[in-house]
Structures are given as C-alpha cells and as structure tokens.
Amino acid sequence: MQPTVVMKFGGTSVADAQKIRRAAARIVAQREAGRRVVAVLSARGHTTDELIAAALEVSAHPDPREMDMLLSTGERISCALCAMAINDLGHRAISLTGSQAGIVTDTSHTRARIIDVRADRIRKALEEDMIVLVAGFQGVSTSRDVTTLGRGGSDTTAVALAAAVSAEVCEIYTDVDGVYSADPRIVPDARKLPVVSFEEMLEMAASGAKVLQLRSVEYARTHGVRIHCRSSFSDATGTVVVGEEETMENPLITAVTHTTEEALITLSGVPDRPGAAAAIFTALAEAGVNVDTIVQNEPKGEGVQAEVSFTLAADDLHAAETALGPVATELGISGIALDEQVGKVSIIGAGMRSHPGVAAKVFQVLAEEEINIEIIHTSPIKITCLIREDAVPAAVLALHTAFGLGGGEQELPIGQQSR
Ligand code: ASP
Ligand code: MG
C-alpha cells in the first residue's frame with residue numbers, strides 16, 4: 001500500500017487564489033510522488049477573526065452553538081476552493097467537512113475536544129485514488145451539532161487524522177519555516193531547530209510558541225504522530241517534532257519562549273483552611289477558565305490569611321472575574337487584584353532535567369538586566385519567570401544570548417560537549 005501523508009495548510013498559506021493554487025500544486029506533487037494525501041486546510045487569511053467580529057456586531061454574547069455553525073464555514077470555503085484547483089490539475093479531489101470526515105467531539109462548543117475519528121469515508125476515498133481535503137478546526141458533537149476546536153484547532157484536526165489513517169508524517173505548512181530558538185522578531189539571530197521532542201514542544205506551545213496548537217502536540221505525543229513544521233513557500237526542511245528517543249542529543253537549552261497575552265489575578269485574605277483553594281478553582285473550572293501557574297502563599301502564624309495568585313489567558317479575565325465574585329463573598333476573600341501588564345519568559349530544554357545551575361543562571365541573567373521576577377514556576381524541562389510585560393523583549397534577548405542559542409554553537413551539557 002502507498003504511504004499516506006497528511007498536509008495541513010494554515011490561513012496565510014491559502015489566503016488568496018494564487019496561494020490556494022500553490023497549495024493545490026504542492027498537494028498534487030506529493031500525490032504524484034506516490035503518496036496518498038489527506039490535506040487539512042485552515043480558513044483563509046483573517047476569515048475566522050472576521051466571522052467573530054461579524055457575530056459580535058449582531059450579538060454581545062453570541063450563542064456558542066451558532067458561533068460554531070458560523071466559524072466552521074471558513075475552513076469549508078478553503079477546502080472547496082482547493083478541491084476545485086486540484087481537479088483542474090487533473091487529479092480527483094473531494095472536500096469534506098469535519099463532520100463528513102468523521103471527527104467526533106465532545107459537546108463543548110467553541111473549544112471542543114476530539115473524542116473519536118471515524119475515518120472510513122476518508123479511507124474509502126483514498127482507496128479510490130482521490131485526494132481528500134478536510135475542513136480543519138471542526139467536528140460533530142456526540143449530540144450531532146457542529147463544533148469547533150478552539151483557535152489554531154486545524155493543527156489538531158491534522159494530527160488526529162494522521163493518527164487515524166496511520167500517516168507516515170503530519171506536515172504543517174505555514175508562513176514560517178519551522179520552530180525557532182526564540183521569536184525572530186525579538187531575537188535576530190534565533191536559530192531554526194531541526195528537531196524538537198514532543199515534551200519540549202509541549203512546553204513551548206504552552207508558554208507562548210505559536211507554531212502549533214498545544215492540543216495538537218498533546219495528541220501527537222499520545223498517538224506517536226511525527227510532525228514536520230515547514231514553510232509553504234519553500235521546499236526547505238523545517239522542524240521535525242518526534243519522541244525523545246529519536247532526538248539525537250539533548251541540548252541543555254533548546255529555546256526561549258514568551259507570551260504577553262497572560263494576566264495575573266491575586267486574591268488576598270484567603271482563609272487558611274482546607275477547601276479554600278478547591279472552592280476557588282472549582283468555580284473557575286466551571287466557568288471554563290484555564291488557569292496556568294498557581295502560587296499560594298501561606299504565611300505562618302495563628303489566624304493568618306493566605307494569598308493566592310494565578311495566571312490565565314488575558315481573554316479569560318472577564319469570565320474569571322465573574323466566576324470569582326460569589327466564591328470571594330462565600331469565603332470572605334478580602335481582595336481581588338487583576339493585572340494585565342504581565343508577561344512570561346520561559347527557557348526550555350530536555351537537557352536541563354539532569355543539570356543543576358540552569359535556574360541560577362536564568363535569575364542571574366535577568367538580574368543583570370535589572371528585571372524583577374514576580375513569580376517563578378518550573379517543570380523538569382522548563383523555567384518560567386513572570387515579569388512586567390514591557391521587560392519581555394529584553395529578557396528574551398538576554399537569555400537567548402546567555403545560553404548561546406543563536407546561529408552558532410549550542411551549549412551542551414557537560415559530558416556531551418566533545419563528541
Ligand atoms: N481558523 C481557525 C483559527 O483561526 C483555526 C485554525 O486556523 O487552525 O483559529
Ligand atoms: Mg496556526
């Protein structure tokens with residue numbers, strides 16, 4: 001049987017007629033090279049943003065089910081147009097909605113999760129020598145409504161389909177040529193990374209790298225789907241995301257990521273007793289607010305109250321504030337402070353797992369830049385510092401330089417230095 005490849009094209013790669021034709025030509029080239037092709041397309045250009053704006057023009061709080069009916073159209077347009085272009089190149093193509101493609105999700109509108117992929121229709125079309133185009137970012141819920149998968153969700157569609165049809169690779173075509181050691185707009189000598197492990201990519205996607213939707217990386221890791229992030233405008237090899245056993249060596253540090261799209265909430269006067277944190281975070285979870293770093297400070301002493309801080313997406317600030325009102329009253333919390341002027345800078349590398357001193361160096365570098373660290377959060381392969389938003393570019397640049405991530409040699413852990 002011929003190998004199968006999944007090719008996903010992002011919004012900028014299908015933005016106009018010429019780009020759609022170019023994507024069609026790339027798809028056809030893969031087919032002619034002897035591979036079966038499933039292509040997943042995003043909505044063209046700013047279509048999704050425009051659809052959201054259109055909804056907000058008619059309703060302050062659009063009904064989530066109708067929102068999904070609306071948003072799912074963007075990807076359908078791209079797929080139908082691309083199928084037409086492929087047909088003109090002498091191949092047979094069929095476009096499918098997420099629902100027709102068998103992507104089954106839970107019922108949480110606008111942020112649904114894929115729970116099953118029933119790919120028999122895709123398999124049959126592939127067997128009939130067709131190129132299959134699937135509208136990204138959408139599915140059908142267990143109660144038969146159209147759902148969408150959250151911003152950037154086409155990546156997850158692509159990975160899920162790659163797993164379902166046992167594709168040899170899931171190619172993500174985009175307007176950048178891979179995953180970089182830092183945002184090249186901040187760090188001019190940022191390096192394209194040839195290989196990144198799932199674990200590193202997960203941390204990177206969670207801490208601000210925008211190349212892949214976080215869920216797509218989770219899905220790829222769980223199902224062992226090999227991802228290749230590459231440019232739709234060149235043939236150059238991009239970045240391959242694979243299991244750690246396949247990455248040749250673990251550099252000490254792989255990348256510096258950042259985000260300024262976070263906000264910080266600090267609750268003061270939280271009663272120091274069992275159940276307080278549970279009540280707070282249950283209320284937030286029920287409101288669908290995704291909380292990131294949580295810090296609880298519990299000063300010692302009789303009757304002293306605790307302070308709880310946590311970060312969240314700035315977009316969720318309003319929902320969080322609303323959800324916290326009743327719990328705050330119930331628990332007698334004395335203050336809720338909202339702060340949008342925060343940013344996060346993170347340093348990621350599988351090699352730091354076994355090497356002490358990385359954290360100390362990070363703090364030293366930021367100290368030399370006179371950047372104050374407000375919250376520190378670590379995982380075995382990541383160190384994140386919450387700082388003022390306006391200090392983020394300087395922090396990213398300084399860390400990238402200090403850890404030698406630029407164009408030249410990378411810093412390897414002791415023992416891997418000479419090979
Ligand atoms: N069109 C959707 C978005 O803009 C999904 C995607 O492009 O992956 O978020
Ligand atoms: Mg994207």
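All ligand and atom numbering here is 1-based and tracks the order in the structure.
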**Message:** Using a 4.0 Å cutoff against the non-hydrogen atoms of Ser42, which atoms of ligand 1 qualify?
**Reply:** 6 (C), 7 (O), 8 (O)
**Fill in**
Within 4.0 Å of some non-hydrogen atom of Gly152, the atoms of ligand 1 are 3 (C), 5 (C), 6 (C), 8 (O), 9 (O)
**Asked** Do any pairs count as a ring pair (Phe, Tyr, Trp, His ring centres under 6.0 Å) and have a residue in residues 153-210, sequence neighbours left out, and if so which ones?
**Response**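 Non-adjacent pairs meeting ring pair (Phe, Tyr, Trp, His ring centres under 6.0 Å): Phe9-Tyr173.
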**Prompt:** Would Ser216 and Thr156 count as a side-chain hydrogen bond (donor to acceptor under 3.5 Å, both in side chains) if you check the C-alpha gap in whole Å, the side-chain angles of each, and the deciding distance to 0.1 Å?
**Reply:** CA-CA 4 Å; Ser216 72; Thr156 304; 4.5 Å; no
Taking distance alone, with N or O pairs closer than 3.5 Å, would you say [X] contacts ligand 1?
X	value
Phe137	no
Glu75	yes
Ser154	yes

**Asked** If hydrogens are left out, which of Arg151, Arg44, Gln213, Gln138 has an atom nearest to atom 4 (O) of ligand 1, that is, the closest non-hydrogen atom?
**Response**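 Result: the heavy atom closest to atom 4 (O) of ligand 1 is in Arg151.
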**Prompt:** How many angstroms lie between atom CD1 of Ile333 and atom OG of Ser268, to the nearest 0.5 angstrom?
**Reply:**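 Separation between the atoms: 8.5 Å.
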**Request:** Test Glu261 against every option in Lys344, Arg151, Lys210 by the salt bridge (charged side-chain N to carboxylate O under 4.0 Å, His left out) rule and name the one that passes.
**Result:** Lys210
**Message:** Ignoring hydrogens and geometry beyond distance, is a side-chain donor-acceptor pair present between Thr105 and Thr147 at under 3.5 Å?
**Reply:**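 Short answer, yes.
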**Complete:** Hits for side chain to side chain donor-acceptor pair (under 3.5 Å) against Arg26, two or more places apart or cross-chain, chain-then-number order -> Asp235
**Message:** If we only consider heavy atoms of Gly11, is any one of them less than 4.0 Å away from an atom in ligand 1?
**Reply:** no
**Asked** Is Gly153 in contact with ligand 1, taking contact as a heavy-atom separation below 4.0 Å?
**Response** yes
